[in-house]
Amino acid sequence: GIGRYALELTKALARNASSTCEIWVVLNDRIPGSILPLRDQLREFVPQDRIHIISLPLPVDASRKDSVQHLEITRRVYCHAIAALEPDVLLIASMFEGWLNEVAPMFAGLPPHISRAVIAYDLIPYLDQETHLARRGIREWYFRQMDEFKQAQKFLAISENTRQDLIEHLKLPPDTVVNISAGVSD
């Protein structure tokens, strides 16, 4: 699934990066069970001192009633942590995480000089809202995340079909959407 896509893309980016390009991986301490396995899987691709763990101060599961206030505080911590790394580009592996887990992907609040890119897997919830977004809370959350998603300057679609959906349904400029044919590993 999404985790495998993101991991394989990270490996490929690190493997193919020039000597002038530093790849950093940012993980979230709210999902502690994933940190050590990811560090281990990335060991030969990304130096361990370039795997940065962000400590999110409050629960950010968007399905919780108190998540709106928590997300604002988390946004500030997250943006400060990302800015401190001084990246040229921030790539978010999945903007549509966080409804039932402790993930808070976001672009809003980042310094404007940081270019933003996002991996796009599909638009299934957007295209079939009646099935996937029928509940009010999840619908509101999804469209907040969609607003964040649209702030990217580059969209890495995992297939040509997804690329075409992004252009047609979200009206994204074609030159901002690239088919990366993700999901293929060694």
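All values below come from the heavy atoms of this structure, side chains included, with hydrogens, waters and symmetry mates left out.
Not a single donor-acceptor pair under 3.5 Å links the side chain of Gln153 to the backbone N or O of Ser115. Checked by atom type and distance alone, the side chain of Asn16 pairs as donor or acceptor with a backbone atom of Ala12 at under 3.5 Å. A donor-acceptor contact shorter than 3.5 Å is absent between the side chain of Glu140 and the backbone of Gly137. Lys11 contributes no side-chain N or O that, together with a main-chain N or O of Val46, makes up a donor-acceptor pair within less than 3.5 Å.
In this structure, the side chains of Pro174 and Arg163 come closer than 4.5 Å at one or more pairs of heavy atoms. Proximity of Leu42 to Leu7: side-chain heavy atoms (C-beta onward) are separated by under 4.5 Å at one or more points. You'll find the side chain of Asp88 stays beyond 4.5 Å of the side chain of Ile114, heavy atoms only. Inter-residue side-chain proximity for Ile35 and Arg39 is flagged as met; some heavy-atom pair is nearer than 4.5 Å. Put simply, the side chain of Ile119 does not reach to within 4.5 Å of the side chain of Phe155, judged on heavy atoms. In this structure, Leu85 and Val26 have side chains that are in contact, with non-hydrogen atoms separated by less than 4.5 Å. With contacts defined as side-chain heavy-atom distances shorter than 4.5 Å, the pair Val118/Leu156 does not qualify. No side-chain heavy atom of Val25 sits under 4.5 Å from any side-chain heavy atom of Leu38.
Counted by atom type alone, Thr162 and Asp122 present zero donor-acceptor pairs between their side chains at under 3.5 Å. Ser181 and Asn179 share a side-chain donor-acceptor pair at under 3.5 Å. A donor atom on one side chain and an acceptor atom on the other are not found under 3.5 Å apart for Arg116 and Gln151.
Residues Ile138 and Leu123 are members of one and the same hydrophobic cluster, defined by side-chain heavy-atom contacts under 4.5 angstrom among Ile, Leu, Val, Met, Phe, Trp and Tyr. Leu127 and Leu172 fall within a single hydrophobic cluster, where Ile, Leu, Val, Met, Phe, Trp and Tyr side chains are chained together by heavy-atom contacts under 4.5 Å.
Atom OG of residue Ser55 and atom OH of residue Tyr78 lie 14.0 Å apart, to the nearest 0.5 angstrom. Between the CD atom in Gln48 and the CG atom in Asp40 there is a gap of 8.0 Å [rounded to 0.5 Å]. Residue Leu13 holds its CG atom at 7.0 Å from CG of Leu91, rounded to the nearest 0.5 Å. Distance check, rounded to the nearest 0.5 Å: OH of Tyr142 to CZ of Arg135 gives 15.5 Å. The line from NE2 of His169 to CG of Leu166 is 9.5 Å long, rounded to the nearest 0.5 Å. Rounded to the nearest 0.5 Å, atoms CD1 (Ile54) and CG (Asn28) are 7.5 Å apart.
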Asp165/Tyr126 under side chain to side chain contact (heavy atoms under 4.5 Å, CB included): CA gap, chis, key distance, verdict: CA-CA 10 Å; Asp165 281 349; Tyr126 184 84; over 6 Å; no
field: salt bridge (charged side-chain N to carboxylate O under 4.0 Å, His left out) between Asp147 and Arg144, worked out
entry: CA-CA 5 Å; Asp147 289 343; Arg144 276 194 312 272; over 6 Å; no
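The aromatic rings of Trp24 and His52 sit perpendicular to each other, their planes meeting at more than 60°, with 30° as the lower class boundary. In this pair, Trp141 and Phe96 present their aromatic rings perpendicular. The plane angle is above 60°, beyond the 30 to 60° band.
Shown here is His80, whose NE2 atom has no more than 12 heavy atoms of other residues, nucleotides or ligands within 6.0 Å.
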